[in-house]
Amino acid sequence: MSTADQQAPRSLAEALRARDDASLAALLRARPDLITPVPTDLTQLATRAGTRASVVRALERLDAFALQTAEALAVAGDPATWDELLALMAGDARDPAVASALPGALTALREQALVWGADDRLRLVRTARELLAPSPQHPSPTGLGPSVREATAGMSPGRIQEFVANAGLPSTHDSVSAVSALSSLFSRRRKMAALLAQAPAGSLDVLERLVWGPPYGQVTAEPAAHLRWLLDRGLLLPTAPGTVVLPREVALHLRAGRAHRWPEPTPPAVQPLVTHRPQVVDATAAGQAYTALTTVEELLKEWDEGGPAVLRAGGLSLRDLKRTAVALDVSEPVAAFWVELAYAAGLLASDGEADERYAATPEYDDWLERPPAERWGQLAEAWLAATRTPGVVGGRDLKERALSALGPGLDRSAAPEVRRRVLTLLAGLPEGAVPDAEAVLARLRWEHPLRGPQPQGAAGPQGAAGPQGSPPAPGAHGPYSSHGSHGSRGDEDLRSRLARWTLTEAELLGVTGRGALSAHGRALLGAGATAAARPAAGDPAPAGPGDRLPAHHRFVAPAATAPLPAPEQAVATAAAARLLAPLLPEPLDHVLLQADLTAVAPGPLRRPLADVLSVLADVESKGGATVYRFTPGSVRRALDAGRSASDLHAFLAEHSRTPVPQPLAYLIDDVARRHGHLRVGAASAYVRCDDESVLNEILADKRAGALRLRRLAPTVLAAQADPATLLDGLRAMGFAPAAESAEGDVLITRAHAHRTPPRTAPEPVPDGPPVPDGTLLTAAIRAIRAGDLAATAPRKPAEDAAPLGPGQLPRTSSAETLATMQAAVLTGEALWIGYVNAEGAASQRVIAPVRVEGGFVTAYDHTADEVRTYPLHRITGVAELADD
């Protein structure tokens with residue numbers, strides 16, 4: 001055996017054992033499920049890395065070219081050589097783009113422990129090969145069928161010899177050599193070309209229809225002559241009665257050696273459609289950011305006294321969503337976005353009462369007191385990290401139940417990653433550049449093809465008597481596919497819909513302006529956004545298999561798209577707020593009063609002015625300028641809130657840049673004159689008025705019949721309705737009554753702000769285990785290395801003891817254990833022990849005993865790299881380590 005063979009790893013565990021700590025940290029960061037819980041040693045880490053669930057998650061993280069490389073290894077020999085892999089990927093023409101990108105893709109597979117071995121013995125982990133290799137149940141994404149050896153398994157020796165003879169090869173003594181000879185013929189370009197040159201007309205057409213997959217077809221009981229010629233020479237092999245398959249070697253010859261029809265060595269470029277001046281983009285985004293703030297305020301002001309009721313199944317009813325959309329003057333999907341955004345930011349929640357309703361939280365009051373830029377930062381940060389997806393509102397879940405705003409079932413764990421990735425792609429463009437949305441979607445599909453649909457290949461073969469059926473597109477319905485949830489676009493996968501929603505929501509929120517990422521939106525992503533957006537195609541690529549590229553060369557590492565840690569995101573949000581603050585419009589302290597009983601606010605108003613004006617007048621239209629209209633009802637509303645006519649006149653004179661119009665002054669005085677002329681109190685209810693004619697008018701009005709009034713005195717009427725109903729009834733009749741207390745004083749009715757108990761914002765649903773931080777990685781690798789040392793340390797063979805298998809703990813009697821420990825204290829030697837902790841978990845350790853007393857051994861634990869004390873009764877056995 002050569003020295004190279006002796007040094008080559010014989011298993012994935014040995015390959016991992018040869019890695020340094022930085023490489024292991026990169027693996028655990030890319031596949032965080034491997035560290036939960038921390039493996040005891042490298043053998044357990046390798047076993048966990050080969051489990052189906054973990055391999056599926058790793059395959060879903062690969063980009064299109066790295067996945068194509070894995071698919072090529074799945075149809076190559078096991079092990080495969082670099083030259084064999086290069087031939088499958090670059091074809092006979094040795095496509096230079098593919099050849100240049102292949103080392104980076106292979107490095108990505110190695111870094112993620114999906115491929116191990118040297119360049120002359122490349123091995124795909126067994127589970128990945130099972131998932132990606134062709135089979136009748138799950139055809140290969142490459143469209144290739146089984147090899148000649150696999151297709152002829154179980155076939156009679158005589159039939160195989162017929163294939164050999166008809167192909168012009170000498171007969172052999174056994175089936176194995178016959179199959180090898182046939183495979184060799186199909187794999188040699190010149191001999192295969194000479195054989196196909198003899199094919200009758202129509203035969204090559206059949207092969208062409210099968211060559212790119214699916215490789216299966218059907219034949220009749222009496223095939224035509226050109227089909228019979230193919231069947232006799234093994235160019236089509238029977239798999240079942242009436243079904244044939246194109247062998248892999250034949251297909252590769254017809255494909256010029258390529259495993260894939262369209263290799264994708266470089267990601268699709270995200271080119272700008274148009275470019276705006278950055279100042280225009282920032283100003284547009286800032287204007288929309290201010291609109292976002294006012295919209296959220298308007299929403300919660302609408303629900304200030306208690307919002308819509310919570311459905312029994314949770315969420316907002318469709319009717320209430322429509323009412324909210326009308327109140328905000330937006331469409332229902334946009335209303336759902338604002339409602340969900342307020343909920344994600346912790347400003348909105350259910351009150352938890354028996355008659356449960358939605359209302360603002362105490363956090364909303366604190367939020368209102370902050371500067372506008374900080375308030376926007378809180379909304380933007382909540383949106384960026386939220387897994388709740390308002391875009392699916394109105395769709396159906398897997399049980400065909402309607403998905404409602406604020407209801408269950410809206411979490412999509414991939415949403416934060418997709419949002420951040422889309423914005424990162426925008427950050428990689430020049431400032432002010434607007435990308436093509438379809439190019440962004442194509443780039444996302446290239447980066448994670450198994451999480452999105454693939455374009456279907458050529459039409460299925462019509463070879464023989466017809467196709468057997470087309471295989472699923474890679475990642476669409478295969479064994480490792482990720483199915484999106486139900487939603488509004490059934491023709492797109494979930495990630496594509498999330499990307500489209502991200503572009504729309506970013507514009508609504510003011511992260512982008514005119515489709516381009518703003519300066520404050522760029523700052524919101526943090527310092528690493530531009531670096532993560534660098535196109536892979538622009539990176540230098542090595543020319544040969546010996547060169548190695550970083551793991552991120554061909555795939556987007558989870559850390560690049562995962563949400564930032566809370567402290568880093570807080571810093572990024574603060575930076576974004578600082579950039580946004582100078583761009584937000586300065587609130588005004590004045591309006592323009594007009595003679596048609598309207599007031600025009602030429603911009604945003606300061607909060608005290610806006611609050612009073614919202615009570616005194618009704619909003620008629622919104623936009624760049626807000627138009628308020630004064631009505632008798634709105635003026636009475638201000639009087640009910642405790643304002644006097646003189647207060648209103650003074651307020652308008654102070655805040656109007658134009659003189660107070662006479663019609664408005666007359667309206668205020670007229671409503672004030674009649675306001676409180678009637679008094680309503682609790683008898684069950686009564687009405688009193690000093691003017692008997694007014695009471696007579698009320699009694700004579702037919703509309704007062706429902707109030708069931710009767711005269712108690714010339715100036716007092718009693719009603720069988722409660723005071724609130726009586727007030728509403730009289731106001732509907734055109735009067736302006738005022739409520740009074742038991743002492744006869746006028747009651748001032750102020751808006752009651754209903755608040756929920758303190759609530760926390762909803763926690764995002766993680767997309768798998770979180771990416772471990774540096775501290776955890778360091779501790780985990782240290783523990784794995786120490787456990788591996790304990791598991792692989794050489795031991796002295798014990799007398800009359802059977803050799804221990806892998807993972808088995810040593811077994812000795814209590815007396816032997818005590819004696820060996822005491823001897824090791826005197827000699828200072830290290831020992832190998834088996835230990836079972838209080839929870840019953842077994843482990844093996846290497847220790848150097850220091851003291852043995854009272855049923856405990858104190859020793860330096862090489863596994864934990866610290867001094868520990870162990871009860872002797874929990875030690876299963878002890879063995880001495882070999883001298884070397």
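Because only heavy atoms are used, hydrogens play no part in the values below, and waters and symmetry mates are left out as well, while side chains stay in.
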Engineer: Is there a donor in the side chain of Arg31 and an acceptor in the side chain of Ser54, or the other way round, less than 3.5 Å apart?
Structural biologist: yes

Engineer: In Å and rounded to the nearest 0.5 Å, what is the CD to CZ distance from Glu447 to Arg495?
Structural biologist: 8.0 Å

Engineer: Can you tell whether the side chains of Arg110 and Asp119 come within less than 4.0 Å, N to carboxylate O?
Structural biologist: yes

Engineer: Indicate yes or no: at least one non-hydrogen side-chain atom of Pro247 is less than 4.5 angstrom from one of Glu150.
Structural biologist: no

Engineer: Tell me, do Leu131 and Arg52 make a side-chain contact under 4.5 Å, heavy atoms counted?
Structural biologist: yes

Engineer: Find the distance between CD1 (Ile833) and OG1 (Thr820) and round it off to the nearest 0.5 Å.
Structural biologist: 12.0 Å

Engineer: Would you check, one step at a time, whether the test side chain to side chain contact (heavy atoms under 4.5 Å, CB included) holds for Leu410 with Thr389?
Structural biologist: CA-CA 5 Å; Leu410 299 190; Thr389 311; 5.5 Å; no

Engineer: If you draw a 6.0 Å radius around CZ in Arg126, do more than 12 non-hydrogen atoms from other residues or ligands fall strictly inside?
Structural biologist: no

Engineer: With the side chain counted from C-beta on, respond yes when Leu124 and Asp78 share a heavy-atom pair under 4.5 Å apart, and no when they do not.
Structural biologist: no

Engineer: Can a side-chain donor-acceptor contact be found between Glu111 and Thr107 if the only test is distance below 3.5 angstrom?
Structural biologist: no

Engineer: I'd like to check Pro565 versus Asp773 (side-chain heavy atoms, cut-off strictly below 4.5 Å). Are they in contact?
Structural biologist: no

Engineer: Can you check whether Leu109 reaches Leu62 side chain to side chain, under 4.5 Å on heavy atoms?
Structural biologist: yes

Engineer: Please assess Trp116 against Glu14 for the test side chain to side chain contact (heavy atoms under 4.5 Å, CB included), listing each intermediate value before the final yes or no.
Structural biologist: CA-CA 9 Å; Trp116 58 277; Glu14 287 192 10; over 6 Å; no

Engineer: Are Thr812 and Thr817 close enough that a side-chain donor and a side-chain acceptor fall under 3.5 Å?
Structural biologist: yes

